[in-house]
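The block underneath contains the structure these notes are about, expressed in structure tokens.
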Amino acid sequence: MRVPYIVLDTDHLHAVVEYVSRFGAFAFDTETTPPYRAVPALNTVTWISLATYGMAVVIPMGHEKGDKVIGSRKEPYLTPTGLTRHRTVYEWEPAPPQLRPSQVFEALEPLMFSDRLKICRNAPFDLGSIAKYYDGRPPAKPYFDTFLNSVLQDENRLNGLKHRVKSIYGHIYDKEDVGKKVETHCFSTVARYAYLDAKYTWLLWKRERDACAAEGLSGVLALEHDVIDTVLEMILNGAPVDGDVLADLGVQLDERLVHYEAEIYRLVGRQFNLNSSKQKAEVFYTPKKDGGLGLKPAALTKGGKKKWAKGEELTVHDFSTDADALKPHSDHPVIKLMLDYQRDQKLKGTYVTGILGDPEQDKPCLIVNGRIHGSFKQVGARTGRWSSAEPNLQNIPSRGEEGKKIRAAYRAEPGYKLVVADYGQIELVVLAHFIGQGALFDGFHKGIDPHTMTAALVFGVSVEDVTKEMRSVAKGLNFAIVYGAGPRTVAEMAGVRLDEAKKHMATHRKMFPEVYAYKAYVIEEARATPDCHTRTILGRKRRLPDLRSRDEEKRAAAERQIFNAKIQGSATGDLIKLAMVRLIALLPDEAELIMTVHDELVVHTPEEHVPLVEAALREAMLGDGIQRLVRVPLTSDQSVVDRWSDAK
DNA sequence: CAATAGAGCGCT
DNA sequence: AAAGCGCTCTATTG
């Protein structure tokens with residue numbers, strides 16, 4: 001039977017293209033298969049669906065599984081425990097003959113490279129995935145991303161297509177998560193699913209395209225749409241990594257881990273799982289007379305705190321074994337070894353095995369052709385910050401001897417350099433900008449480091465007489481402002497006693513009254529709006545209904561969050577994104593933007609273009625078009641390095 | 001057996 | 001009473 005919405009031949013395909021080309025906008029969606037299904041640079045597109053006024057179709061291009069089972073057999077397999085079991089394997093009829101990707105993408109080229117509006121949900125994924133069929137060129141602008149549009153309207157809800165469709169139309173159309181593994185589902189199921197994805201993307205565009213404008217969010221939406229180009233740059237380029245460096249480090253870490261493990265077992269007198277916080281707590285906190293080390297617990301776990309608040313009985317398992325809790329006992333030989341073990345285990349598991357993969361654990365290697373194609377999510381954080389995953393390139397170690405060795409594996413290819421640029425104190429700059437006066441503001445205008453400035457006022461000395469210790473306290477105090485930290489955190493950070501921290505915080509409040517007044521103002525202003533929101537420098541909204549919670553703890557948390565969101569969202573949400581959009585326009589073709597780490601940008605470039613790239617970064621990050629938004633001078637640090645670890 | 005929660009930890 | 005993330009490992013739950 002011919003299903004009119006499934007395109008299986010060239011006549012139908014050309015009729016579809018002809019129809020779509022009558023209009024100025026269309027939606028499309030892709031379904032992809034392994035290897036690297038979730039990586040646009042590497043995956044294979046096996047379905048593309050299109051929707052426009054009065055029409056939606058789906059085009060399969062190599063889906064194998066048909067609709068009917070035509071046989072079955074029993075197949076033996078080994079369980080992880082080494083037992084042989086049998087499972088039933090079904091044989092499916094083949095799917096109907098389909099068009100080849102080359103035919104489909106050739107026919108779609110006039111649409112994809114026209115000035116028609118391309119509407120997607122998660123545009124970077126779809127645009128990036130089909131770029132490989134056009135010599136690496138993503139479809140041409142303009143784009144509209146209904147996911148960005150949804151998130152900007154409400155960052156607190158679930159914004160996946162399924163969730164929005166269910167909430168708006170009451171239609172639940174994907175109970176099985178078909179898109180997660182299309183090749184395992186039968187032909188008709190995927191056809192229907194892919195068709196509905198495009199159709200609903202189209203309908204949501206029609207329904208909600210103007211919703212952002214109604215909330216004063218057009219500017220941010222336009223910025224986020226421009227940012228799509230920068231996402232495509234990063235995810236398609238990938239970050240160059242030397243897998244051999246990681247492999248060597250892995251061997252070294254393994255040797256040490258084996259040593260720590262043996263020593264700990266010997267000293268404790270028995271074996272236990274060193275990765276289990278439950279077992280560690282038993283060993284460390286059980287009294288000596290009962291066979292434990294009898295250490296005095298320093299802190300509770302999150303769950304332990306809850307139990308304590310409810311007045312429930314605590315067990316050893318409610319006491320934390322994290323590094324902070326163990327530190328006071330670091331003179332104990334077992335704890336000393338344990339801290340080393342925990343550190344190296346983290347590095348090995350997350351940053352060596354996690355990247356190189358492990359066939360035994362069925363983990364893939366993330367380095368392909370010398371590059372890691374992570375996924376960057378432009379609205380990954382509710383503040384508007386970027387997030388990064390698979391792998392997370394924003395938490396590659398930077399401190400410590402071993403950590404630096406890991407970061408050293410991220411390096412320029414031969415004949416190339418990394419140009420690394422980061423904003424100086426961007427969050428405090430933004431804070432001073434918003435306040436528009438006071439010591440911090442004046443200090444920035446005089447080119448004085450904000451922590452030094454704070455120290456001078458809090459300790460009553462001149463800027464020249466600020467010591468390292470004073471600056472460290474001041475750093476903690478500034479940290480406390482932006483994050484809403486309390487005296488305990490400040491004391492911990494600055495390495496001073498609790499009463500001293502309290503005293504310094506009181507002095508800070510006296511010397512920087514405008515900071516506290518501003519903070520209170522932001523919170524009250526937000527609380528007075530119907531949806532309890534504040535706005536960032538470019539107008540992005542952060543809504544925190546808990547500002548009106550009767551629960552004091554929740555309310556206080558919301559107050560910290562909303563103030564932090566205004567600062568964090570402006571600095572590492574809005575400004576870095578604007579700088580990235582500006583940068584893309586200025587970079588020479590041969591240079592590649594490969595990463596952003598909140599206030600830092602990393603560009604990979606042929607050596608001969610280094611001066612050009614440095615100038616482009618300066619102009620993008622500090623030039624008039626961005627500086628005029630901020631009443632405080634912006635600054636940046638730039639390094640030209642071979643290895644990422646060498647950037648200052 | 002797979003999915004989820006909790007602890008813990010890497011980064012800005 | 002420390003903001004925002006994502007990943008790994010264990011232990012528990014369905």
Side-chain angles (χ1 to χ4, degrees), chain A residues 77 79-81 85 87 155 177 272-281 299-306 309 317-326 338-339 342-355 358 361 363 366 374-377 379-400 402-403 406-407 422-423 425-427 476 479-493 542 544 551-569 571-573 576 595-600 644:
Chain A
Y77 73 100
T79 64
T81 43
R85 297 243 175 101
R87 70 180 137 210
E155 72 283 4
D177 227 336
F272 60 102
N273 189 336
L274 299 184
N275 297 321
S276 161
S277 36
K278 192 162 176 270
Q279 295 183 37
K280 279 187 282 191
L300 291 166
T301 63
K302 210 178 156 195
K305 280 179 204 160
K306 253 189 198 163
H317 303 132
D318 294 315
F319 293 106
S320 170
T321 59
D322 70 21
D324 281 339
L326 295 183
M338 195 66 227
L339 287 167
Q342 285 177 177
R343 184 199 59 213
D344 288 357
Q345 171 68 26
K346 175 77 175 182
L347 296 178
K348 175 79 191 347
T350 304
Y351 303 106
V352 179
T353 310
I355 301 293
D358 182 359
Q361 296 174 59
K363 276 185 181 178
L366 300 185
S375 98
F376 282 92
K377 297 188 226 172
V379 287
R382 276 175 286 200
T383 53
R385 249 194 188 192
W386 290 91
S387 77
S388 164
E390 287 177 283
N392 182 353
L393 292 170
Q394 295 184 319
N395 76 345
I396 302 300
S398 67
R399 293 184 276 264
E402 305 302 313
I406 289 190
R407 190 168 276 219
D422 67 306
Y423 273 122
Q425 302 293 348
I426 186 70
E427 295 194 333
F479 188 89
I481 298 304
V482 176
Y483 296 136
R488 252 186 60 186
T489 310
V490 173
E492 171 81 22
M493 260 200 81
R542 177 74 178 106
L544 277 155
D551 181 333
E552 200 175 321
E553 229 173 277
K554 275 192 181 175
R555 200 171 61 241
E559 289 176 357
R560 291 194 297 273
Q561 286 170 332
I562 200 139
F563 185 73
N564 178 261
K566 192 176 185 93
I567 307 297
Q568 186 187 108
T572 56
I576 198 81
M595 272 192 261
T596 170
V597 191
H598 308 306
D599 64 353
E600 173 181 351
W644 193 16

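Below, all heavy atoms of this structure are taken into account, side chains as well, without hydrogens, waters or symmetry copies.
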- Query: Would you say C/dG4 has OP1 or OP2 under 4.0 Å from some side-chain N or O of A/T383?
  - Reply: no

- Under 4.0 angstrom, heavy atoms only, what part of the nucleic acid is A/F563 near: base, sugar-phosphate, or nothing? nothing

- Query: Taking only residues two or more places apart in sequence, or in another chain, which ones meet A/T321 in a side chain to side chain donor-acceptor pair (under 3.5 Å)?
  - Reply: none

- Ignoring hydrogens and angles, tell me if any N or O in the side chain of A/T353 forms a donor-acceptor pair with the backbone of A/K348 under 3.5 Å. yes

- Task: Would you indicate, yes or no, if C/dA1 has its OP1 or OP2 atom less than 4.0 angstrom from a side-chain nitrogen or oxygen of A/K554?
- Result: no

- Message: Heavy atoms only, 4.0 Å cut-off, all strands: where does A/K566 land among base, sugar-phosphate and nothing?
- Response: nothing

- Determine whether A/M338 and A/L274 make a side-chain contact, defined as any pair of heavy atoms from C-beta on separated by less than 4.5 Å. yes

- What does A/Q361 touch in the nucleic acid at a heavy-atom separation under 4.0 angstrom: a base, only the sugar-phosphate, or nothing? sugar-phosphate

- Task: Could you check if a side-chain atom of A/Q342 sits within less than 4.5 angstrom of a side-chain atom of A/L326, using non-hydrogen atoms only?
- Result: yes

- For the residue pair A/A281 and A/H317, what are the closest heavy atoms and their distance? CB-CA, 4.2 Å

- Message: For a quick check, with a 4.0 angstrom heavy-atom cut-off, what is the B/S/- contact string for nucleotides 2-12 of chain B, read 5' to 3'?
- Response: -----SBBBSB

- Task: Report the distance from atom CD of A/E559 to atom C1' of C/dA2, rounded to the nearest whole Å.
- Result: 15 Å

- Note on the structure: To the nearest 10 degrees, the angle between the two end axes of the helix from B/dC1-C/dG14 to B/dT12-C/dA3 (five pairs per end) comes to 10°

- Task: Would you kindly give the NZ-to-C1' distance between A/K348 and C/dC9, to the nearest whole Å?
- Result: 14 Å

- Task: Tell me what A/K363 touches on the nucleic acid: a base, only sugar-phosphate, or nothing, going by heavy atoms under 4.0 Å.
- Result: sugar-phosphate

- Task: Check side-chain contact (heavy atoms from CB on, under 4.5 Å) between A/Q279 and all other residues, then give those that pass, not counting sequence neighbours.
- Result: A/F272, A/N273, A/S276

- Over all atoms of both residues, closest heavy-atom pair of A/D318 and A/G304: CB-CA, 3.8 Å

- Check the distance between C/dA11's P and A/N275's CG and give it to me in whole angstrom. 9 Å

- Message: From NZ of A/K305 over to C1' of C/dA2, roughly how many Å is that when rounded to an integer?
- Response: 11 Å

- Query: How many Å lie between CD1 on A/I576 and C1' on C/dG4, as a whole number?
  - Reply: 15 Å

- Roughly how many Å is it from CG in A/D358 to P in C/dC7, rounded to a whole number? 18 Å

For nucleotides 12-14 of chain C, list the nitrogen or oxygen atoms of the protein found under 3.5 Å from its nitrogen or oxygen atoms, one pair per line.
none

- Query: Taking CD from A/Q561 and C1' from C/dG4, how many angstroms apart are they, rounded to a whole number?
  - Reply: 10 Å

- Task: Tell me what A/E390 touches on the nucleic acid: a base, only sugar-phosphate, or nothing, going by heavy atoms under 4.0 Å.
- Result: sugar-phosphate

- A/N395 backbone acceptor or donor facing A/Y351 side chain under 3.5 Å: yes

- Item | Between C/dA1 (C1') and A/E552 (CD): distance, integer Å | 10 Å

- Query: Which part of the nucleic acid, if any, lies within reach of A/T489 when heavy atoms closer than 4.0 Å are counted: base, sugar-phosphate only, or nothing?
  - Reply: base

- Under 3.5 Å: donor-acceptor pair, side chain of A/R542, backbone of A/K566: no

- Query: Looking for any heavy atom pair under 4.0 Å, which part of the strands does A/N273 touch: base, sugar-phosphate only, or nothing?
  - Reply: sugar-phosphate

- Task: Check A/L347 against A/G403 and note the closest heavy-atom contact, atom names and distance.
- Result: CD1-N, 4.1 Å

- Message: Has A/S320 got a side-chain atom pairing as donor or acceptor with A/A299's backbone, closer than 3.5 angstrom?
- Response: no

- Indicate the atoms forming the closest heavy-atom contact of A/E390 with A/L366, along with that distance. C-CD1, 4.2 Å

- Task: With sequence neighbours excluded, tell me which residues meet ring-ring contact (aromatic ring centres under 6.0 Å, His included) with A/F479.
- Result: A/Y483

- Task: Mind checking A/A389 for me? I need base, sugar-phosphate or nothing, with any heavy atom below 4.0 Å counting as a touch.
- Result: sugar-phosphate

